[in-house]
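Read the structure below first, then the notes.
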Amino acid sequence: MARGLAVLGAPASADVLARLLDSEQRTVVEALNALAGTGLLRSGWFSHQAARAAALSGLDGEALAALHERTALLLHSDGAVPSEVAERLVAAGGIAENWSVDVLRDAAWQALREGSPSRAAEFLEVARHACGDARERAEVMGALARVLWLTKPTAVASLLPPLHSLLQEGSLASRDIVALSTFLAWQGRAEEAALALEQVDTKEDERDLTGAAELALARQWIRWVVPFKGTDGVEDTSTTHRTGETAAGESRSDLVKSAEQVLQCCRIADALPVTALSALLVLTFDDKLDDAQGWCETLRPEAEALQAVAWVAMLAAVQGLVAVRRGDLVDAERHSRRALAVMPQHNWGAALGLPLSCLVHATTAMGRTDEAETLVREARPEARRNPFWLHFLHARGRFYIGNNRPYAALADFQTCGRLLSGTVLDHAHFIPWRTDLAEAWLRLDDARSAKALLEEQLTRAYVDNGRVRGRTLRIRAATLQQPARASALRDAVKVLLDSGDRLELALALADSSEAELECGRFAEFRLLSHQAKRMAKACGAEPLHRRLQNSGNAEEPGETPMRKTIHRFALLSEAERKVAALAAQGRSNREISQTLFITVSTVEQHLTKTYRKLGVSSRFGLPVELGLVGSADH
């Protein structure tokens, strides 16, 4: 009787105990009274946990499993919640019956919602062995793989062989095939992933919009992680044929639509994680940074509540990439460090290049040379030749440029170009290697090679990619003589003003200020230098800030610009001054609207009135002191 009560795990009625032990109710009552009389029971339960442990210790494994099995059957027949039944099924080692598989799957789903993925995985593992039907086993294993990925992607490796066997038998549904393919690709096994994806029933996906979107994003993921063969830049053409063949048909706009479809339907507990990451990266690489950031912020609370470590790391990595492209070095470093701290490097698979490259970019631009050099020195890019790892080579090349090692930078940028050239990934949104290679050639005094690359980049860069176009114009200006150089830098600043990349804007403003000084335009020099300094400080670009501090841009004796401009700014309303202050700092209209909680249209109206009152034609003409006055008012 004590053993039966111990297995039930809670006080139970005499009726329940009688059915569990196949005994008469009168006998159960007498036994319970006897146990209470010895002091072992109190209010129908053990008075001490040692008594419960002692009751169970006398049973061998087989007998204890049988008792747990009978308990599971009893609780199920009484309509107990799935988690209670599942706990007994796990203790019994599972029961090969359909109802037990359903109970275990329901309990796993409940455990996920409660933020216990390890417990959910335990339930699904037992369900996997209890399945008699191959199709059902495939569904359970697919769910188990997704749950394991939540906390430790490498753990999925043990499931890949049996999943592949089920694929060969034809037991995997289309969505499970997509999941298997992305898990293979995560580990860098793009060849096998592409082969698996060929077996997806596309007719089924045509009826399911979300399924079709997941399939498109899975194909895109494989294109991103396909390994480069050898050292001569020749890509694995057999894999390219299978994964890149549809690239022309899947336009950027098609992929963006697929990304939005997947993210809008995304529930972390049941999503295909790699396709969700693919969706976020499609938005980021298409410079839809606000959308990508918004989805990361939307999904992060759910990921943290579920203790889905891999999702938390993945979202942090995307936010780090977004911050790099916005020129926000502080956020880029913070998010990238979190991504690598939450999930160790060996769990990142083929995607490791993403958070690592962002961290190298950030620490380099922030002047944290020792940290960046440690990251560069300890990385082993030769072991991971895939397009994502080229992001690391690109970041490492920028590190070499910043530390006056142009030949080393040249080698990395040339590798990026050699491996990407001629592939579907050779576009500025992914890695603008031509611009950086041109900068390396300029550091080596080879203007001819630099000009050819810059002109090619300008013809290839998408019209809507202001970040890449502005940077390319800035680098190209170094190949020109005055006054053409100053004019080209003004064009670069104008393009970058609306790009959202503050670091590139700060660099362009700094170069432009120096060009204006060379031309003897001192007022323009002071204005641009002030703006560049503020922007560099806001970005966290300490080396650039120091360079500008030492550039000899002191005010002329007796000048008090703040005192003069305060009177001019008195013409502005408080709302106009706040908007203009942020615009003078280089914020885009969208960023200003989000900061001040007003519409973009209202921002535009305030700026139009401000331009008229101050006698300027655009935000480029706004005095930098506006930012200082605005900060003081705030």
Side-chain angles (χ1 to χ4, degrees), residues 327 365 397-398 401-402 404 406 409-410 413 417 428 432-536 541 543-544 547-548 550-553 584 586 611 615-624:
R398 296 281 281 269
I401 284 285
N404 198 30
L410 192 75
F413 296 142
W433 60 270
R434 290 175 179 82
T435 300
D436 297 286
L437 180 56
E439 185 176 13
W441 279 123
L442 284 175
R443 296 295 181 96
L444 293 168
D445 297 322
D446 188 342
R448 182 177 179 179
S449 297
K451 284 181 180 178
L453 286 162
L454 291 166
E455 293 303 324
E456 183 183 1
Q457 183 67 87
L458 287 173
T459 60
R460 295 175 65 95
Y462 294 113
V463 176
D464 58 344
N465 194 332
R467 178 176 53 84
V468 174
R469 185 171 183 81
R471 175 175 170 77
T472 305
L473 290 171
R474 178 177 72 81
I475 302 299
R476 190 181 67 163
T479 68
L480 305 175
Q481 300 295 322
Q482 294 288 21
R485 178 170 178 265
S487 177
L489 285 169
R490 284 194 290 271
D491 290 339
V493 169
K494 289 177 182 177
V495 171
L496 287 167
L497 274 169
D498 292 324
S499 73
D501 190 330
R502 298 187 202 178
L503 177 60
E504 282 301 329
L505 177 57
L507 288 165
L509 287 167
D511 288 355
S512 186
S513 71
E514 293 173 357
E516 297 295 348
L517 182 61
E518 291 172 4
C519 293
R521 290 190 280 268
F522 299 106
E524 289 85 350
F525 158 70
R526 286 195 299 271
L527 174 63
L528 292 169
S529 182
H530 273 301
Q531 290 177 323
K533 273 196 296 187
R534 288 186 58 82
M535 192 72 66
L544 177 59
R547 165 189 150 193
L548 291 163
N550 299 326
S551 63
N553 57 340
Y611 298 157
V616 299
S617 59
S618 69
R619 67 177 64 207
F620 182 65
L622 290 174
V624 70

Problem - Backbone N/O of A515 and side chain of Q482: donor-acceptor pair under 3.5 Å - result: yes
Would you mind checking if [Y] and [X] are paired as a salt bridge, meaning a charged N to carboxylate O distance below 4.0 Å?
X: R474; Y: E504; value: yes
X: D501; Y: R469; value: no
X: E516; Y: R490; value: yes

Over all heavy atoms of both residues, which pair between [X] and [Y] is shortest? Give the atoms and the distance, please.
X: I401; Y: A440; value: CD1-CA, 3.8 Å
X: S529; Y: L548; value: OG-CD2, 4.4 Å
X: F413; Y: W433; value: O-CE3, 4.0 Å
X: V468; Y: N465; value: N-OD1, 3.1 Å
X: G466; Y: V495; value: O-CG1, 3.4 Å
X: A532; Y: A510; value: CB-N, 3.6 Å

Do [X] and [Y] come within less than 4.5 Å of each other through their side chains, counting heavy atoms only?
X: T435; Y: L453; value: no
X: R471; Y: D436; value: yes
X: L458; Y: L473; value: yes

Inter-residue atom distance [X].[atom1] - [Y].[atom2], 0.5 Å rounding:
X: L505; Y: R467; atom1: CG; atom2: CZ; value: 13.5 Å
X: S512; Y: R485; atom1: OG; atom2: CZ; value: 8.5 Å
X: L507; Y: L489; atom1: CG; atom2: CG; value: 11.0 Å
X: L503; Y: M535; atom1: CG; atom2: CE; value: 10.0 Å
X: L437; Y: I475; atom1: CG; atom2: CD1; value: 11.5 Å
X: R521; Y: S513; atom1: CZ; atom2: OG; value: 12.5 Å

Practice task
Please determine which of R434, K451, R476 meets the salt bridge (Lys or Arg N to Asp or Glu O under 4.0 Å) test together with E456.
Solution key: R434
Practice task
Assess whether salt bridge (Lys or Arg N to Asp or Glu O under 4.0 Å) is satisfied between E439 and R443, documenting all intermediate values.
Solution key: CA-CA 6 Å; E439 185 176 13; R443 296 295 181 96; 3.6 Å; yes
